[in-house]
Amino acid sequence: MVKRSLEASVTGIEQAKKAFAHKGWTQDNLAFEVNLKTRQPIWRFFTGRSVDRHIFIEICSVLSLNWREIAANPPEKFSESKELGAAEFLDIDALVQFVRSQRFDKIQDQCGTLQLLDVTRPVRIDDIYIDVNILEEIASLQWLEFADLQKFTSQEFDRFGLGEVSQTQMAGIAAVQTYSKLRVLGKPGAGKTTFLQHLAIQCNRGRFAANRVPIFVTLRDFADETRVAGEFYLLNYICKEFLTCGISDPSVLETLLLEGRVLLLLDGLDEVLHEQSIGVANEIRRLSEKYQKNMFVVTCRTAAKAFNLRRFTDVEIAPFSQDQIVAFAQKWFTAVTKTNIQNKQEQAFEFIEKLDLPENLQFRRLAASPLFLHLVCGVFHHQNKFPNQKIAFYKQCLDLLLGKWDETKAIERDEVYEGFSLPQKLKLLSQVASATFEQGNYFFEQRIVEQYISDYISDLPNASTEPEELQLDSEEVLQAIELQHGLLAERVRGIFSFSYLTFQEYLTARKIVASYNLQALERPLERLVSHITEPRWREIFLLTAAMLRSADFLVLLMKQEVDALVAQDPYLQKFLTWISQKSFAAPESAAIRAFYFALARTPHLTPYFALVCIFDQGIFLDVALDNLVMECTIADAHACDDALSYTLAIAQDAGLHQALQQLKDLLPDPEQSRESIQTWWQTSYPAWMEQLKTAIAKHRNIQHHWHFSPQQQQVLQQYYDANQLLIDCLNSNCEITDVVRQEIEASLLPIEELSKREWQGL
């Protein structure tokens, strides 16, 4: 019989010590990772002494080492001197431990590592895995009124997507412990397979279901092997897999199943071809009902939930919470990047900090998916920032969902698109996105989206003209999109949405740009610009500007639309003229205009604009004058006197200085009686205050008498926000010629001044 202990070779000890030092652990840390109560086996390992074979292998696994390369004279395989059958084990626990021992390496090799997308080396599952949460209520099976969902804002849509609609969550491993027959649903890239692998590894190490034998089956491989015969016998398939571990007696598996000592993990029910899916599902039902005492966990994409598994409980993997995103990012930068430990930790911290910034909201939306969070981490790692050009990243995500993800997993799908190319799929989804977004709908009924699909199919060459056939085709295409891509998802019964608002926005912008380029007409951009005062269209503007080969025409249309907002109001034009005059000579006129705009609309908020003062000394004085008016309105002689003294100290204009000094001399002496001062405030203060405002208006052209109606306030807010959007588009690295950029950046001007400029030829 092969010996039950191993020892490390001299060169193996050197490799192990290097890997141990790279982890930055103590021996106590390593003992904890290997699930040991004492660090003595760790000490024995590093000193070349004999260590129990399973502990030796686990130490190497935790250190990301091949145990055969570390061990001195490793055996070729672990097998007994003779084949043992179940009948030779009087104790079922002994049989379980024997089988676990024989299959330990198999499970570690099968489930211990992940091949992450665009990462050239396998990553240990322990180094990247984050505990998942489970939703016990499947949202798409709930009944909600369409009118209720229509009221959702974009922020509420995000929360809906994060599973926060009156749903409690439980830990994934707790769900497995609670339900002996469990089907775990999830979107593409939600972490279903990784969750099963984690369960297998935890069971293999005795940390979960230690009295059971873990068996991991990829259902696609099982179906492929039985495709020719057309008969699905999962028991035979597992017995063949047992043979590779030195267990040839079929009674061993039968005994384990009869005693309820198996944790059977079945991955990817949705990945089985349609013609085989019924046979595979029936075999799972048969096996689970015959051997009910065992634990069964099946994974499947949410859209394939129609494959009912009798007596199985359906749950759904919840999107990542903020805490899970943070934990994953910390692990990702440690496990995947090749910099030193300090740099890894610093980059992880910077990633987490910047992900929560408002300008990175779209990345934060996608980060709720483990697949997209992995991609976001990769982009940030290579650029050390989130990209300003989001278009390429969104395209990568869509290409991944529309085909590459299945290709990387070697999944063969039923051809329900009937020859749809990637551009055709994108065109179809863009039409759905544009039509629904234009109508203000984040959610849409199934019949509506099927009609959009039917309209698209009817325009294809050789398409059927029969309404009933078109209806059936559109239903089939919608099911395929939901199952294979997950871009459209059934949120509640009969009501769909895009799985991520980011993709609906991106595809809407793509449709606008495609229409503009193909038609060579201005109308698509003109329709877009008509939404310039609607906040929910902000991202569409930014994406469209970035996609256009030349954004000149778009930004010029935006500028015209912005100016048209205030064109018909003479009072607002007067106000804007004043702003223009105040900022005309300033070196940073755009920032100066913003300062005076806010100062006039919201007087006495000058502390918030203190940073603007660095652009021009005159602004510093204007801030002080505005503060002076505020202090003098509170009827406090001391405060008023102090504010005047401060302003006099920085007022360099002789006329202003003289006027302020005269006003200061008119103030009552603070030493006078309280009655005298009060009399002055009652009789002389109103006229004195008017003189102060007149002096400021005369010498600094600061007018404190702007009064706007509620409607004008609303128009000004829209005008301000639209200008900010225009500036953001200019700063988004879109393709704009210098002459157009300079013309727009030069001014925030009223219409009568704008008309004097020469826009011809731009």
Side-chain angles (χ1 to χ4, degrees), residues 139-140 144-161 165 187 302-303 361-362 365-366 394-395 397-398 401-402 420 423-459 470-471 473-516 523-532 534-544 547:
S140 57
L144 285 178
E145 293 293 333
F146 179 62
D148 295 333
L149 295 179
Q150 276 187 308
K151 300 174 183 176
F152 278 21
T153 64
S154 60
Q155 291 78 16
E156 290 168 331
F157 179 93
D158 288 336
R159 291 198 296 273
F160 186 91
V165 181
K187 298 175 184 176
T302 305
L361 173 62
Q362 282 69 33
R365 288 171 176 168
L366 294 175
Y394 296 159
K395 184 178 184 303
C397 291
L398 286 174
L401 287 181
L402 292 174
F420 275 30
Q424 286 176 320
K425 293 175 183 177
L426 285 170
K427 183 177 180 181
L428 167 59
L429 290 165
S430 296
Q431 289 189 188
V432 175
S434 175
T436 53
F437 195 91
E438 180 80 34
Q439 295 167 5
N441 293 331
Y442 300 127
F443 301 92
F444 28 87
E445 295 175 276
Q446 181 172 340
R447 62 179 181 83
I448 299 298
V449 70
E450 287 176 355
Q451 185 59 56
Y452 291 136
I453 295 172
S454 178
D455 292 343
Y456 178 80
I457 294 175
S458 64
D459 290 335
L470 278 173
Q471 175 62 30
D473 288 344
S474 64
E475 291 175 4
E476 189 177 5
V477 169
L478 177 58
Q479 291 171 5
I481 292 173
E482 186 184 13
L483 174 62
Q484 297 181 24
H485 313 147
L487 281 172
L488 291 175
E490 190 175 16
R491 294 300 192 163
V492 297
R493 287 185 184 272
I495 299 177
F496 283 73
S497 78
F498 279 85
S499 52
Y500 299 91
L501 180 57
T502 295
F503 290 145
Q504 187 179 14
E505 293 171 336
Y506 169 82
L507 291 166
T508 298
R510 187 182 183 279
K511 177 66 165 59
I512 293 171
V513 173
S515 299
Y516 174 67
R523 294 184 64 182
L525 296 187
E526 290 173 347
R527 287 199 302 270
L528 171 62
V529 169
S530 69
H531 298 290
I532 199 167
E534 300 175 46
R536 72 185 190 90
W537 283 83
R538 170 183 166 78
E539 190 65 18
I540 308 296
F541 276 92
L542 294 171
L543 291 170
T544 302
M547 289 185 196

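The residues of the chain are indexed from 1 along the displayed sequence.
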Checklist entry - With a 4.5 Å limit on heavy-atom distance, are the side chains of L507 and L398 in contact? => result yes

Next on the checklist: Using a 3.5 Å distance criterion without hydrogens, assess whether the side chain of Y456 forms a donor-acceptor pair with backbone atoms of K427.
Outcome noted: no

Checklist entry - Rounded to the nearest 0.5 Å, what separation is found between the CD atom of E475 and the CD atom of Q446? => result 7.0 Å

Checklist entry - When rounded to the nearest 0.5 angstrom, what distance separates NZ in K511 from CD1 in I540? => result 13.0 Å

Checklist entry - When you measure from the side chain of T436 to the backbone N and O of V432, does any donor-acceptor pair fall under 3.5 Å? => result yes

Checklist entry - Do E450 and S454 come within less than 4.5 Å of each other through their side chains, counting heavy atoms only? => result no

Checklist entry - Can you say whether the rings of F437 and W537 are parallel (under 30°), tilted (30 to 60°) or perpendicular (over 60°)? => result perpendicular

Checklist entry - Just how far is it from atom CD of Q504 to atom CG of L487, taken to the nearest 0.5 Å? => result 11.5 Å

Checklist entry - Does S530 reach the main-chain N or O of R527 with its side chain, forming a donor-acceptor pair under 3.5 Å? => result yes

Item to check | Shortest non-hydrogen separation from T502 to Q362 and the atoms involved | outcome: OG1-O, 3.6 Å

Next on the checklist: Checking the side chain of E445 only, and the main-chain atoms of V449 only, is there a donor and an acceptor separated by less than 3.5 Å?
Outcome noted: no

Next on the checklist: Any heavy-atom pair between the side chains of F496 and I448 that's under 4.5 Å?
Outcome noted: no

Item to check | Residue that, paired with E505, satisfies salt bridge (Lys or Arg N to Asp or Glu O under 4.0 Å) out of R536, R365, R538, R510 | outcome: R365

Checklist entry - Quick check: does any side chain N or O of T508 sit under 3.5 Å from a backbone N or O of A433, one acting as donor and the other as acceptor? => result yes

Next on the checklist: Apply side chain to side chain contact (heavy atoms under 4.5 Å, CB included) to residues I512 and L543 and explain how you reach the verdict.
Outcome noted: CA-CA 10 Å; I512 293 171; L543 291 170; over 6 Å; no

Next on the checklist: Would you compute the distance between atom CG of L428 and atom CG of L478 and round it to the nearest 0.5 angstrom?
Outcome noted: 9.5 Å

Item to check | salt bridge (Lys or Arg N to Asp or Glu O under 4.0 Å) against E539, all qualifying residues, sequence neighbours excluded | outcome: K390

Next on the checklist: On a heavy-atom basis, which atom in S497 and which in F443 lie closest, and how many Å separate them?
Outcome noted: CB-CD2, 3.7 Å

Item to check | Identified ring pair (Phe, Tyr, Trp, His ring centres under 6.0 Å) counterpart of Y506 within the set F498, Y394, Y500 | outcome: Y394

Checklist outcome for this item: Taken to the nearest 0.5 Å, the spacing of L528 CG from R523 CZ works out to 14.5 Å

Checklist entry - Is there a donor-acceptor pair closer than 3.5 Å between any side-chain N or O of S474 and the backbone N or O of Q471? => result yes

Item to check | Minimum side-chain heavy-atom gap Q431-Y452 below 4.5 Å | outcome: no

